[in-house]
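Notes follow once the structure below has been shown.
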Protein chains: 2
Amino acid sequence: MSSGLNIQIDRSSPVPLYHQIVQGIETAIHSGSLEPGTRLENEIDLAQRLNLSRPTMRKAMDELVRAGLLVRKRGVGTQVVASQVRRHLELSSLNDDLERAGKKPTTKSLSFSHGPADERVQALLQLPPGTEVYHFTRLRSVAGKPLAIMENWVRDDVVSFEEETLNERGLYEILRTAGVNFRLANQRIGAMVANDYQAPLLKVKSGSALVTMERTAVDDTGRNVETGSHVYRADSYSFEMTLVQR
Amino acid sequence: MSSGLNIQIDRSSPVPLYHQIVQGIETAIHSGSLEPGTRLENEIDLAQRLNLSRPTMRKAMDELVRAGLLVRKRGVGTQVVASQVRRHLELSSLNDDLERAGKKPTTKSLSFSHGPADERVQALLQLPPGTEVYHFTRLRSVAGKPLAIMENWVRDDVVSFEEETLNERGLYEILRTAGVNFRLANQRIGAMVANDYQAPLLKVKSGSALVTMERTAVDDTGRNVETGSHVYRADSYSFEMTLVQR
DNA sequence: GATGTAAATATGTCCTAACAATCTATTGAC
DNA sequence: GTCAATAGATTGTTAGGACATATTTACATC
């Protein structure tokens, strides 16, 4: 079964060629023109037909394999994965995720302070002596329905801002604007039951299930810029991800 | 600050060169000889010094960047990440994880059956007509302490086994032995509170927090081999992971 | 009919080479 | 002194080629 893959390559575009391929195949899969289970043409033919070198084609396929859209097997070929592939758990903020999903999240600041960090936060952010932190708590809602309580600590040598800003823009958006380029984050997902402080804020009964998430984010200079501890209503939120065998 | 990185390369080894580099740098970081924040030599020099081509060196570094151990910045250089990097959330089973951690998990089968799948499982596994499934529930404990209740469905055209086998070996181990090569998995992590069935099995009070995980695993031929729905005691289990910016 | 062998096919690894884009630090002009 | 242009350093992208290794298929042999 030949794939009949037809991708437009624009060599004058600033978008790297391999990324154009990634987008092209992604689109073909999501649009249904590449059905699950389809075997792709082999790398060499495909590269030749699109006037690309094999390394470029391979780099594109590598990305798709890592993203979980394709499966490769030596000596056999490359196949479209036969499953509804979920978006990879990306390094993004809740705010971004919601906006991308077409929702309109609102945020309300519950507390805001600026000063020295306690020992735990100092260790998590590996703060240099003298560096202080912003510490704040926010309630995020969608369509009037509370979704998450978010407590965060941000080092004050990367950005400076006021409490009001947090009501208008997402934290990651603020940090990106300030020139912070996030590269990776360590996070831990668990569960707890809502206590008497959380329950009324999230409009759930005390004792309801909550998803917890703790995250520390690192920027491209290697600094631990931000750490946070969030809780989500379990009936409205869960973490989806695709794991790929290395 | 030069890194003084010294890695032994064995060209007669069957282990790919780029993977030897990955291991070498990983070891150097974990052993402390490459401290967090250290700038590595540039790719070209490093490749030359180890008698490798730059693409090979880059491939190794790519992996380490994806694994969250290194951070690269164009025009600047490559740095060791200044954070305690957690192991990436891998495509592995709970049993594997526990054994790797030195624990000795025990498993008790709670139910076992073989027959046609219901609609939901049929869709999740994209079962071809006529294919049936094994359906079973297990309780996993560590040091006598119950940790998780695991309900799984496995298509019967990849493996055949008995209930007793599940008490002795992990599911993924059984499947791998049967020649299944897992490539990726889609999973969703959430939370719930323990109901009256779960609570006594896990030896927690009804209403305690549980972490939930649903997973469907795909093998190297693109088949959805297995799907499962697990619950974990929230006081003993959480999911840790490193997210990397693409 | 079962079994082993070889060829065809596909991905995996590795190399050399060149140029582009970005960031830093320095230099020079005003 | 300040700001802009520039040079150097470093990673990012792309090309083309060669050989290795795994898998399947077809064929020959027993």
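Here is how names work: the chains are called A, B, and so on, in the same order as the sequence lines, proteins then strands, and each is numbered from 1. Just so it is clear, the structure is predicted and the values come from calculations on it, not from any experiment. FYI, side chains are in, hydrogens and waters are out, and symmetry mates aren't considered; it's all heavy atoms of this structure.
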So does [X] get a side-chain nitrogen or oxygen closer than 4.0 Å to the phosphate oxygens (OP1/OP2) of [N]?
{"X": "A/Y18", "N": "D/dT13", "result": "yes"}
{"X": "A/R58", "N": "D/dT14", "result": "no"}
{"X": "B/K59", "N": "C/dT13", "result": "yes"}
{"X": "B/T78", "N": "D/dT10", "result": "no"}

Q | Whether A/F161 and A/F112 hold their rings parallel, tilted or perpendicular, with breakpoints at 30° and 60° | A |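 Answer is perpendicular, since the angle exceeds 60°.
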Just by distance, no angles: are the side chains of A/T131 and A/R155 close enough, under 3.5 Å, to form a donor-acceptor pair? no
**OP:** Remember a base hit wins even if backbone is also touched, and classify A/I44 as base, sugar-phosphate or nothing at under 4.0 Å, heavy atoms.
**Re:**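 Result for A/I44 = base.
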Original post:
Counting any heavy atom closer than 4.0 Å, what does A/P55 reach on the DNA or RNA strands: base, sugar-phosphate only, or nothing?
Top reply: base
**Prompt:** Is the shortest side-chain N to carboxylate O distance from A/E63 to B/R66 below 4.0 Å?
**Reply:**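 Here A/E63 pairs with B/R66 in a salt bridge, since their nearest N and O are under 4.0 Å apart.
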As a test of reading the structure: which of [options] is closest to the side chain of [X], going by heavy atoms?
{"X": "B/P16", "options": "D/dA15, C/dC14, D/dT10", "value": "C/dC14"}
{"X": "A/N42", "options": "C/dT13, C/dA17, C/dA10", "value": "C/dA10"}
{"X": "B/R39", "options": "D/dT14, D/dT11, D/dT10", "value": "D/dT10"}

### Message
At 10 degrees resolution, what angle do the end axes of the helix from C/dG1-D/dC30 to C/dC30-D/dG1 form when each is taken over five base pairs?
### Response
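End-to-end axis angle for the helix from C/dG1-D/dC30 to C/dC30-D/dG1: 0°, rounded to 10°.
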Give me the distances for all protein-to-nucleotides 19-22 of chain D N/O pairs that come in under 3.5 Å?
unit_1	atom_1	unit_2	atom_2	d
D/dT21	O4'	A/R74	NH1	3.0
D/dT21	O3'	A/R74	NH1	2.8

Side chain to side chain contact (heavy atoms under 4.5 Å, CB included) with A/V133: of A/D156, A/L127, A/T227, A/V154, only one passes, and it is A/L127
On DNA chain D, compare the nucleotides closest to A/S53 and B/N181; which residue's is nearer the 5' end?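 Taking each residue's closest nucleotide, the earlier one in sequence belongs to A/S53.
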| request: Evaluate side-chain hydrogen bond (donor to acceptor under 3.5 Å, both in side chains) for A/N186 paired with B/T242, printing each intermediate quantity in order. | output: CA-CA 4 Å; A/N186 289 308; B/T242 299; 2.7 Å; yes
